[in-house]
Amino acid sequence: MITIRDVHKRFGEHDVLTGIDLDIPHAATVTVIGPSGSGKSTLLRVIDVLEHADSGTIDFGDGPVDLATRDKATIRAIRSRIGFVFQNYNLFANKTALQNVTEPLIYAQGKSRKAAEAIGREQLDRVGLADFADRYPSTLSGGQQQRVGIARAIAAKPELLLLDEPTSALDPEMVGGVLEVIRQLASDGMTMLIVTHEMRFAREASDHVVFFEHGGIVEQGTASDIFDHPSQPRTAEFLQSFAS
């Protein structure tokens, strides 16, 4: 179990996260849904210390760690346990798909190039891109680029995979391939926290769903709890907007 406790974040006078408590069970898929601007992506960035929390902790099971830390060693230690899949891929344009996957293994984990390339090819194959290892991002579709991003994130064998609206930058016809890769990761037992606007995917693939608004958790529960029997009127109103 990964536990996140009392996470607060302000930008100027605006409270973006207002005391988040969240449990992420091992091998579970937890999805965060809610309106744009509600703080969902900020939550992921704070967990990976891409943004510093004003307060709050994360605990991977061996003791809480301060998410407000500025200590570089602590930040590296947190990030070594987390993989991050970005909305807009964040690939190096001047490196091949394989190099995008292997560079973090070589420079962050100290693996030999030979070992890193073996892992990189294995993970590209896992996301259906074994034949695209030597291609540059500019020659790949958006869906293929996102799958490279997923391969890069899982290559380091993270304890927690964060996915920040992984299909939001994709054309509709490319969404399905990326979501199928994520479903397979879930089937393989990857622990994931996903911010998504794909309600059908959230309903089908989630072990736990969190409805988020105004920087806080309105309600959470199983997919059936949230989608079929929401307890909060605001949750029901939000979901109805997708049904209409």
Practice problem: Please test Glu117 against Lys114 for salt bridge (charged side-chain N to carboxylate O under 4.0 Å, His left out), starting from the C-alpha separation and ending with a verdict. | Solution: CA-CA 5 Å; Glu117 288 187 356; Lys114 181 178 180 180; over 6 Å; no
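In terms of heavy atoms, Thr191 sits closest to Pro25 at CG2-O, 3.5 Å. What you find for Ser206 and Thr31 is that their closest heavy atoms are OG-OG1, 2.8 Å. In this structure, Ala53 and Lys9 approach most closely via the heavy-atom pair CA-CD, 4.3 Å. Contact detail for Asp66 and Thr57: the closest heavy-atom pair is CA-CG2, 4.4 Å. Scanning all heavy atoms of the two residues, the minimum distance from Leu193 to Ile24 falls at CD2-CD1, 4.0 Å.
Classification of Arg10 and Asp54 as a salt-bridged pair fails, no side-chain N sitting under 4.0 Å from a carboxylate O. Under 4.0 Å is where a charged nitrogen must lie from a carboxylate oxygen, and between Arg81 and Asp62 at least one such pair does. A salt bridge does not link Arg76 to Asp71: none of the charged nitrogens lies less than 4.0 Å from a carboxylate oxygen. Ion pairing between Lys40 and Asp164 fails under the 4.0 Å rule for side-chain N and carboxylate O.
The structure places CD of Gln146 at 10.5 Å from OG of Ser141, a figure rounded to the nearest 0.5 Å. Expressed to the nearest 0.5 Å, how far CD1 of Ile4 lies from CG of Leu43 amounts to 6.0 Å. Rounded to the nearest 0.5 angstrom, Ile33 CD1 and Glu198 CD are separated by 12.0 Å.
Considering only residues two or more places apart in sequence or on other chains, Glu165 meets the salt bridge (charged side-chain N to carboxylate O under 4.0 Å, His left out) condition with none of them. For Glu122, there are no salt bridge (charged side-chain N to carboxylate O under 4.0 Å, His left out) partners two or more places apart in sequence or in a different chain.
Heavy atoms from other residues, nucleotides or ligands lying under 6.0 Å from CZ of Phe11 number more than 12.
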Report, one line per pair, each donor and acceptor closer than 3.5 Å where one atom sits in a side chain of residues 123-134; sequence neighbours left out.
unit_1: Gln123; atom_1: OE1; unit_2: Arg126; atom_2: NH1; d: 3.3
unit_1: Arg126; atom_1: NH2; unit_2: Asp188; atom_2: OD2; d: 3.3

Under 3.5 Å, which donor-acceptor pairs link side chains of residues 102-110 to any protein atom two or more places apart or in another chain?
unit_1: Thr102; atom_1: OG1; unit_2: Leu98; atom_2: O; d: 3.1
unit_1: Thr102; atom_1: OG1; unit_2: Gln99; atom_2: O; d: 3.4

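Met192 and Ile58 fall into different hydrophobic clusters, where Ile, Leu, Val, Met, Phe, Trp and Tyr are joined by side-chain heavy atoms under 4.5 Å apart, directly or via other members. Grouping the Ile, Leu, Val, Met, Phe, Trp and Tyr side chains by contacts below 4.5 angstrom, directly or via other members, places Ile20 with Ile78.
For residues 187-233, every residue pair satisfying the ring pair (Phe, Tyr, Trp, His ring centres under 6.0 Å) rule, not counting sequence neighbours, is listed here: Phe211-Phe238. Listed by first and then second residue, the ring pair (Phe, Tyr, Trp, His ring centres under 6.0 Å) pairs that reach into residues 24-78 come to none, sequence neighbours excluded.
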